[in-house]
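Structure, as structure tokens:
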Amino acid sequence: MWMEVPPVERNGVISMYEVRYVPLETCSGTLMASIISITNTSMTSTTLTDLKEYVEYNVSIRSYTSVGPGPYSNSVVERTEEDAPDVKLNATAIALSETEIAVCWVELPDICQNGNITVYEIRYEPLDTFGVLVTRFENVTAPTTIETLTDLEESVGYNISVRAYTSVGPGPYSDPVTAMTFEDSPRTAPRNVTTMVLSSTEILVTWERVLPIDENGEILLYEVEFVPLETFDMDMSTNTTNTTSLNITLTDLEEDVDYNISVRAFTSAGPGPYSDAVTNRTLEDRPTAAPQNVTTMAESSTEILVTWEEVPAIDENGDITMYEVEYMPLETFNGQIATNSVTVDPTLLNTTLTGLEEYVDYNISVRAFTSVGPGPYSDAVTNRTLEERPTAAPQNVTTMAESSTEIVVTWEEVPAIDENGDITMYEVEYMPLQTFNGQIATDSVTVDPALLNTTLTGLEEDVDYNISVRAFTSVGPGPYSDGMVERTLEESPAAAPQNVMATAVSSTEIRISWEPVAPIDQNGVITMYGIRSEPLETFNGVLVTETVNTTGPVLRMNLTGLEEDVDYNISVRAFTSVGPGPYSVGTVERTDQDVPDAPPQNVMTVLSSTEIQVSWEEIPAINQSGSITFFEVRYNPLETFNGSLSTNTTITTMLGITLNSLEENVDYNISVRAYSVIGPGPYSEGVVKRTDEDQPAAAPQNVMTMAESSTEIVVSWEEVPCY
């Protein structure tokens, strides 16, 4: 806007105004003035348009009359307001590394900036979107004109453009420039690694490529790493193989082994990370080696302990499901070599072979099984079972009695298959078939192995013997042969009847009983018994021994007509058809007592008025018939004073007694008898003896007096009583 020309200076009618404006800056290097005319002179203002942003303009105005223009007014300098830049920057980009690109640009001339540049904005986006277009921005504060973009994707081309900002806003983006980050090793591993076992030594491995965003370059090859999870040589062996395809078959693997399998990709920059390990196990196979260090030890005649160590782990080729022990005898007894085997639980490394032949060499070998089948046998180990007792008896045993105490025994050898060792001796066992003491006494004799016969001696007479023979090895005896029964010849009994008992039946009879001669001593069939009896007392100076035989083999007899109360020594003997055996040890038995056969002898008396001393001698021994226990003296007066004769007795163990309190001057008939435990014997013949006279023991009776005169008295009385 302006003010009109003062009228004094108009010099005419103002017909128009001319506004001249010249930018003080130019993008082209040439400052060009612009002019606009305003014909409406009533206006003293106008708007200049199409000016350059944020540029100082030198503005001056002049007016026109019909004649022409007047002078320009003094210049007025005014700057246009800021605006967004309208000129593209010139940008360049260069890759610095796998994840960095340097971007630089040329700052716009001030005239082209349309204001004060405050910020530059860098826009960049990958050329490979990987399915998602991600545009990123980064601001750089002016006046910096270079920036390094970081955290970029590896081996990816980026479109990059830059624009400037004023306070009003952004200008246009520069033309895009392209730069590609360097290749790097892949950021991630191949995906979806899978494995499939093809055999005991092969595994097929497949995978998908690394995510494109993570490849970081051109994938040149894949490396497959496979690591066994079991070590067989103390070193965990890691193996790798390369391929350019997305699968590979791993071969020559160990059988029945878990493998950790991983895959990684390579670019020119190197390998990426391995995929997570996938574990798979090769199939089982037969073991490729035998159990190790097989040892054997004979434990008995029919048993061999076999021990071994495991198949080397590298050769097991699977889980060992069992072991098989094969054993073969090196000797045959029936023309055939029989090979046998036993299976053993896989948790055990030993077994005992049983039921073997005694004292035989065996070839023994061991092999292991997996679920697929058996591996090879170990080298055979030879061992011999121990000797054992023979398992059979000598053959064809025969016997023949040669006397009452001898039997000849003969036999043949044990069959070779049953000898079970070297025969060291034979034993002949002989056992009586009768028991004589409640026990069967078995005896035996040994015979040199070179002999096949022997004579048994010292046998019991007339006894059946069960005779059997067995053979010995160093281990011990085999079984006895079946018993052969042979009876020795008869002989007279070797012992007396047993338990001879004698019992007095009466004073003249003794019952004898006995038990048979012990069977072992009978030495034949007992045909009868002989009883010998001998009194141990003699009454006439001669001891008479008597014998009597039974009729047949009865076991009791009564001896009669013996003396009373006499000890008898009694013995018994038995007879066979050959003759009598010895008497038994004497058994003493006494006949019962009896009443004495005679009275005491020589009874004598000595007198006084009231006493008679009686004495006598013993009964003769032969008539005592027992032990005299006491004597009884009987005495009775031969006169009676009261009408009855009283008989009195008294006893004593002595050979005399004094009878007292007798009546004076009276005849007494006196006799004596002896008692045994059985009772009294007869009285001796009576001896009459009178007691001596004595003074009267009483006065005359019934004395009576009667005076007859003054000087006479008649006295009368009765006799003294007789009692």
Side-chain angles (χ1 to χ4, degrees), residues 90-105 120-140 145-162 173-196 203-227 238-251 259-280:
N90 183 18
T92 60
I94 184 169
L96 299 179
S97 71
E98 298 88 347
T99 59
E100 295 177 323
I101 294 177
V103 182
C104 61
W105 58 93
Y120 294 100
E121 180 185 79
I122 304 172
R123 181 181 69 180
Y124 55 102
E125 56 190 13
L127 297 180
D128 189 343
T129 64
F130 307 111
V132 178
L133 179 59
V134 179
T135 301
R136 298 166 63 184
F137 299 89
E138 191 164 329
N139 293 331
V140 179
T145 58
I146 186 168
E147 179 67 8
T148 299
L149 304 179
T150 60
D151 296 326
L152 304 180
E153 299 296 333
E154 297 86 341
S155 188
V156 170
Y158 282 86
N159 265 349
I160 305 168
S161 56
V162 185
Y173 279 111
S174 65
D175 292 332
V177 293
T178 301
M180 178 175 283
T181 52
F182 296 161
E183 286 197 1
D184 198 357
S185 56
R187 181 182 301 112
T188 59
R191 297 170 295 140
N192 298 327
V193 177
T194 61
T195 60
M196 183 172 68
I203 295 177
L204 172 63
V205 186
T206 62
W207 60 89
E208 296 176 5
R209 58 177 286 188
V210 178
L211 284 171
I213 194 171
D214 294 325
E215 287 184 340
N216 298 342
E218 180 184 358
I219 300 301
L220 301 178
L221 61 88
Y222 294 96
E223 179 183 80
V224 180
E225 178 185 74
F226 50 105
V227 182
T238 299
N239 300 286
T240 59
T241 185
N242 298 331
T243 182
T244 57
S245 66
L246 295 177
N247 64 76
I248 193 169
T249 297
L250 305 179
T251 59
Y259 280 86
N260 265 357
I261 300 171
S262 307
V263 184
R264 65 180 176 179
F266 277 76
T267 65
S268 61
Y274 276 111
S275 62
D276 290 339
V278 176
T279 301
N280 212 334

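All heavy atoms count here, side chains included; hydrogens, waters and symmetry mates do not.
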Q.
Suppose the criterion is salt bridge (Lys or Arg N to Asp or Glu O under 4.0 Å): which pairs have a residue in residues 218-227, not counting sequence neighbours?
A.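 Every salt bridge (Lys or Arg N to Asp or Glu O under 4.0 Å) pair that includes a residue of residues 218-227, provided the two are not neighbours, is Glu223-Arg264.
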May I ask you to test the [X]-[Y] pair for a side-chain heavy-atom distance under 4.5 Å?
| X | Y | result |
| --- | --- | --- |
| Leu149 | Glu138 | yes |
| Ser262 | Val193 | no |
| Glu147 | Ile160 | no |
| Leu127 | Met180 | no |
| Tyr124 | Leu152 | yes |
| Thr99 | Asp151 | no |
| Val140 | Trp105 | yes |
| Asn239 | Thr241 | no |

Q.
So, using ring pair (Phe, Tyr, Trp, His ring centres under 6.0 Å) as the criterion, who are the partners of Tyr158 when residues are at least two apart?
A.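 Counting only residues at least two positions away or on another chain, Tyr158 forms no ring pair (Phe, Tyr, Trp, His ring centres under 6.0 Å).
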Apply side-chain contact (heavy atoms from CB on, under 4.5 Å) to [X] and list each qualifying residue two or more places apart in sequence or on a separate chain.
| X | answer |
| --- | --- |
| Thr244 | Leu221 |
| Thr194 | Thr206 |
| Thr267 | Glu183, Pro186, Ile219, Ala269 |

Q) Got a donor-acceptor contact below 3.5 angstrom from the Asn216 side chain to the Ser155 backbone? A)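 No; zero donor-acceptor contacts below 3.5 Å.
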Q: Quick one: list whatever passes salt bridge (charged side-chain N to carboxylate O under 4.0 Å, His left out) with Arg191, sequence neighbours left out.
A: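 Partners of Arg191 under the salt bridge (charged side-chain N to carboxylate O under 4.0 Å, His left out) test: Glu208.
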